[in-house]
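Order of the sequence lines fixes the chain letters, A, B, ..., with proteins taken first and strands second; residue numbering starts at 1 for each chain.
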Amino acid sequence: METMQLPPQWSTFARQVDWAFYFIYYLSVFLFVVIIGAAMYFVYQYRRKPGVKAEPTGHATVLEITWTVSPLAILAFLFHIGFRGYIDMSVAPADAMEIRVRAKKWSWDFEYPNGGHSNILHVPVNRPVRLVMSSEDVIHSLYIPAFRVKKDTVPGFYSTLWFEATQTGETDLFCTEYCGAAVGTTEISPGDPNVGREGNRRHVGHFSMITKVRIQTMAEYNTFLESILRPPTDPATGREATPEKWGEILYRSQQCNTCHSTDGSAMTGPTWRGLFGRQRQFTDGSSANADANYIRQAIIAPNAKVVQGFNGVMPSFAGTLRDNQIDALIAYIRTLR
Amino acid sequence: MATEVAGAHGHDEPDHLAPYLSQEAGRGVKGWLLTLDHKRIGLMYLISTLLAFFMGGVFALLVRLELFAPGRTIMSAEYYNRAFTLHGAIMVFLFIIPSVPGALGNFVLPIMLGTKDVAFPRLNLLSFYIYVIGATFSLYSIVTGSVDTGWTFYTPYSTTSQTSVVSMVLGVFILGFSSILTGLNFIVTVHKLRAPGLHWKRLPLFIWGTYATSIIQVLATPVLAITLLLLAAERTMGVGIFDPALGGDPILFQHFFWFYSHPAVYIMIVPGMAVASELFATFTRRAIFGYFAVAMSSLGLALVGFLVWGHHMFTSGQSEWATMLFSALTMLVAIPSGVKVFNWTATLYKGSIELTTPMLYALSFLVLFTIGGLTGLFCAVLNTDIHLHDTYFIVAHFHYVMMGGTVMAFVGGILYWWPKMTGKLYDEGLAKISWLFVFVGFNTTFLIQFVMGSKGMPRRYYDYLPQFEIYHKVSTVGSWLLLIGFSICAWVLIKSLRSGPKSPPNPWGSAGYEWQGTESPPVMQNFRETPTITRGPYDYHLCTDEELFDGFPEDLKK
């Protein structure tokens, strides 16, 4: 439903916000017509006429007290409406699905529970979704008019926002905290929602930090989640990365590189160089050949067997890495001879 | 007579009984630049603030022109960001804050109080020059890379922006001292220099409003100064106050900034209300209904204005408790604002209303401020504000208050006191035409921005989605009507200066002290002898309409 003044009502908040909006709207129209109507009538009725003096201003204490005090009741009611709505917006249901939002000049990055990313926000319909947001540079603000929600993303600080979409479809998402602009024009990537409006170069800045929210059925949403786990694009070839290349990308993006070297040196964990196929000695005295099954086990349950000379400090990646990502890591390790 | 006295005083001594604009009152350029006379200083403020209004207006027109069509229209995004920043910064710091107090207040306040000058004439001149120095810093910033932070200077954007932020911030820092000194001067003047018989209950409402404004200026402006210094320290020396990378808190900046800048909203609007009260009284020939309530509501706004800064930050991530508290306190603003609107409307009832151009501006003030106030409710109620915050709804709301309110009152006040300031009359017919363009142009520009904003158009956007194009087009056309209106208004004033007929001392038939007791233009020391006040400023019932123009019978008897 779209009314004249407001965007379509696509979240559970929208009806409540719109009710408040229209209540204030009609109250304001009523007060405006009464006050200004009276003023205009007086201006006409008491226009200056020769020989007619203005009546001396008297006192009407009761009237004055009335219009000083009685608005308090309306104001208290207005506060109450806004307060109730705000409480609902502030407290996310415990079962809300979390999506991590990272804002930076001038794009949005959405990270889903399975570790996949997208630049368009995908959410399932009729499921509470909680956004956990931060910024990499200056303050931005995430605004979805159709949901009636908005929250700043502040560097060095997590802010949260939740909503429950009530309808499938696509709607706009804006940045509403001014965050500057790039110097000159910039080439736009083919995935940019603004492509085609002004050719392939355009000005980029606060005003272009716009994307879409795609609200999908649960099945569509799950398909989407699967799809974002396909190999990313290899910057060198421009095509889908090979498993080996994807493994190399994951080595960095999953921060394996903070504990595992690829040059043979031992860090917090054993090096990956020459690892594949080597015999491993464990702290419990057993040993095994480092084949694909061993590496998979070492990623999912890393502390079941700890290699001699190291401490078992690695967290499990079960649930974080999908099967095809683990395959890619194994393929990458095989290349490190 | 003036020449006789001038001869007696020699050439360098100003003649205190010569009209203040004459050579005898102060010679040449020096007589103006080094004058201690509040009227001359007021006129210098008037010229400077009008220049600032012109500059800010040009930037506004450029911003609107850029938004006429989607995509690039006349400038690149970087320059658009500079244009809207300069529009805001110039209008707020160089125009609207000093406008009514600096220009009209300086001119009118001492005359209304029945005194020769403000309490500290040298401080008054100093505050003007501090204003000039601050403005020079701002201009320096504009020509050396300008600023693109928005007038709010939010960190960490402002600490990382490549533009000339420090010089602009120092400019605003310096301008603050001008504001503080003017406020201090007025407070002392109101307390110490009232004419005999002018007790507090006889103070014109313009004085009450200016007095309330002065209190805010003195108390709030230092906080801005501290905030801007901290910002400059972080930018130039890497002191971590606001930048999280240095251990600071960006939200802290917003608290500091709005702790000044919300009260500053009342520094801007209360003087507008003060002018409007005078206009309503004069052109209804009637005392303002509920004088005491109107006077106290100015002080009420000054007080409440200090308690509501957090309502600019409902989506900032400040605590939910703070947000709720600020929403509740913000509701209180409606009470004194409502009292004023109700009282002005009641003043019209059974008045003798003359629709001169100043009165048309006063009525515009009433209409537009009422819209600005009522749309404030949408912003104070929490869940609607979450939707409307940082959209064009907010832009429209504060333009209805600042421009529909203060600017209308300021223009009305300039025209109203013009014969007193210059001794000349202006062309009423042409002035009414200009008013019509301004009023229609203003509403064309801004009314539609409420719709655009509630539909979700964010502010400070260089470009916009296709669904918003029609609203932007209408708004831009409105800005052209405003240009025509203000151009005609400027022509009316220039024409009056060049060839306006000489004004009688009291062309409006006002009972106000400044019209009754002085010549137009006033002599250097305002009054030929210290006046004794025996009646209120709105006692129209004490004489006939004819007597008004020559003076109250009881005053003439003395």
Next on the checklist: Under a 4.5 Å cutoff for heavy-atom pairs, which residue among Thr391(B), Thr375(B), Asn343(B) has the most contacts with chain A?
Outcome noted: Asn343(B)
Item to check | Leading residue by heavy atom contact count with chain A [cutoff under 4.5 Å; candidates Arg285(B), Arg460(B), Glu546(B), His389(B)] | outcome: Arg285(B)
Next on the checklist: Checking the side chain of Arg48(A) only, and the main-chain atoms of Ser352(B) only, is there a donor and an acceptor separated by less than 3.5 Å?
Outcome noted: yes
Next on the checklist: Heavy-atom pairs under 4.5 Å with chain B: which of Cys179(A), Ala38(A), Ser159(A) has the most?
Outcome noted: Cys179(A)
Next on the checklist: Is there a side-chain contact between Met324(B) and Ile87(A) in this structure, where contact means two heavy atoms from C-beta onward sitting under 4.5 Å apart?
Outcome noted: yes
Item to check | Spacing of Gln5(A) atom CD and Lys455(B) atom NZ [to the nearest 0.5 Å] | outcome: 8.0 Å
Item to check | Structural part of Asp172(A) lying under 4.5 Å from a heavy atom of chain B | outcome: side chain
Checklist entry - Which distance, rounded to the nearest 0.5 Å, do you find between the CE of Met89(A) and the CD of Glu320(B)? => result 12.5 Å
Item to check | Flag side-chain contact, heavy atom, 4.5 Å: Arg148(A) against Asn383(B) | outcome: no
Item to check | Between CZ on residue Phe378(B) and OG on residue Ser28(A), distance to nearest 0.5 Å | outcome: 4.5 Å
Item to check | Leading residue by heavy atom contact count with chain A [cutoff under 4.5 Å; candidates Leu332(B), Asp539(B), Thr323(B)] | outcome: Thr323(B)
Next on the checklist: Given 3.5 Å as the limit, does a donor-acceptor pair link the side chain of Thr57(A) with the main chain of Ala287(B), or not?
Outcome noted: yes
Next on the checklist: Given 3.5 Å as the limit, does a donor-acceptor pair link the side chain of Tyr178(A) with the main chain of Asp148(B), or not?
Outcome noted: yes
Item to check | Asp152(A)-Thr315(B) side chain donor-acceptor pair, cut-off 3.5 Å | outcome: yes
Item to check | Aromatic contact, Tyr46(A) with Tyr349(B) (centres under 6.0 Å) | outcome: yes
Checklist entry - Do you know which of Tyr154(B), Phe450(B), Tyr157(B), Phe314(B) has the most heavy-atom pairs under 4.5 Å to chain A? => result Tyr157(B)
Checklist entry - For Thr155(B), is it the side chain, the backbone, both, or neither that has a heavy atom closer than 4.5 Å to a heavy atom of chain A? => result backbone
Checklist outcome for this item: Pair count under 4.5 Å, heavy atoms only, with chain A: among Phe84(B), Tyr540(B), Tyr80(B), highest is Phe84(B)
Item to check | Heavy-atom side-chain proximity of Thr330(B) to Phe79(A) below 4.5 angstrom | outcome: no
Next on the checklist: I'd like to know if the side chain of Lys53(A) reaches the main chain of His541(B), judged simply by a donor and an acceptor atom lying under 3.5 Å from each other, with no hydrogens or angles considered.
Outcome noted: no
Item to check | Lys150(A) (side chain) donor-acceptor with Ile386(B) (main chain) under 3.5 angstrom | outcome: yes
Next on the checklist: What part of Arg459(B) gets within 4.5 angstrom of chain A, counting heavy atoms only: side chain, backbone, both, or neither?
Outcome noted: backbone
Item to check | Non-hydrogen side-chain atoms of Leu465(B) and Phe174(A) separated by less than 4.5 Å | outcome: yes
Checklist outcome for this item: Ranked by heavy-atom pairs below 4.5 Å to chain B, first place among Ser90(A), Gly205(A), Ala76(A) goes to Ser90(A)
Next on the checklist: Rounded at 0.5 Å granularity, tell me how far CD in Glu64(A) sits from CZ in Phe292(B).
Outcome noted: 10.0 Å
Next on the checklist: If I measure from the heavy atoms of chain B, does Val52(A) come under 4.5 Å with its side chain, its backbone, both, or neither?
Outcome noted: backbone
Item to check | Polar side-chain atom of Thr176(A) near backbone of Asp390(B) as donor-acceptor pair, under 3.5 Å | outcome: no
Checklist outcome for this item: Closest non-hydrogen contact found for Pro244(B) with Gly156(A) is CB-CA, 4.0 Å
Checklist outcome for this item: Here the pair of heavy atoms bringing Ala346(B) nearest to Trp67(A) is CB-CH2, 3.9 Å
Checklist entry - By a 4.5 Å heavy-atom criterion (distance strictly below it), what part of Val17(A) contacts chain B: side chain, backbone, both, or neither? => result both
Checklist entry - Which answer fits Leu388(B), side chain, backbone, both or neither, if we ask what part of it has an atom under 4.5 Å from a heavy atom of chain A? => result both
Next on the checklist: Consider ring pair (Phe, Tyr, Trp, His ring centres under 6.0 Å). Of Tyr143(A), Tyr86(A), Phe13(A), Phe21(A), which one does His387(B) pass it with?
Outcome noted: Tyr143(A)
Checklist entry - Which region of Ala146(A), side chain (C-beta onward) or backbone (N, CA, C, O), has a non-hydrogen atom less than 4.5 Å from a non-hydrogen atom of chain B, or is it both or neither? => result neither
Item to check | chain A contacts, top residue of Ala293(B), Ala328(B), Gly338(B) (heavy-atom pairs, under 4.5 Å) | outcome: Ala328(B)
Checklist entry - Contact part of Phe283(B) toward chain A, heavy-atom cut-off under 4.5 Å: side chain, backbone, both or neither? => result backbone
Checklist entry - For the residue pair Tyr462(B) and His206(A), is the inter-centroid distance of their aromatic rings smaller than 6.0 Å? => result no
Checklist outcome for this item: Okay, Ile139(A) and chain B: the region with an atom under 4.5 Å from a heavy atom over there is both
Item to check | Cys175(A) side chain reached by Pro458(B) side chain, heavy atoms, under 4.5 Å | outcome: no
Next on the checklist: Just verifying a value: how many Å separate Leu377(B) CG and Leu78(A) CG, rounded to the nearest 0.5 Å?
Outcome noted: 6.0 Å
Next on the checklist: Measuring from atom OH of Tyr25(A) to atom OG of Ser454(B), what distance do you get when rounded to the nearest 0.5 angstrom?
Outcome noted: 9.0 Å
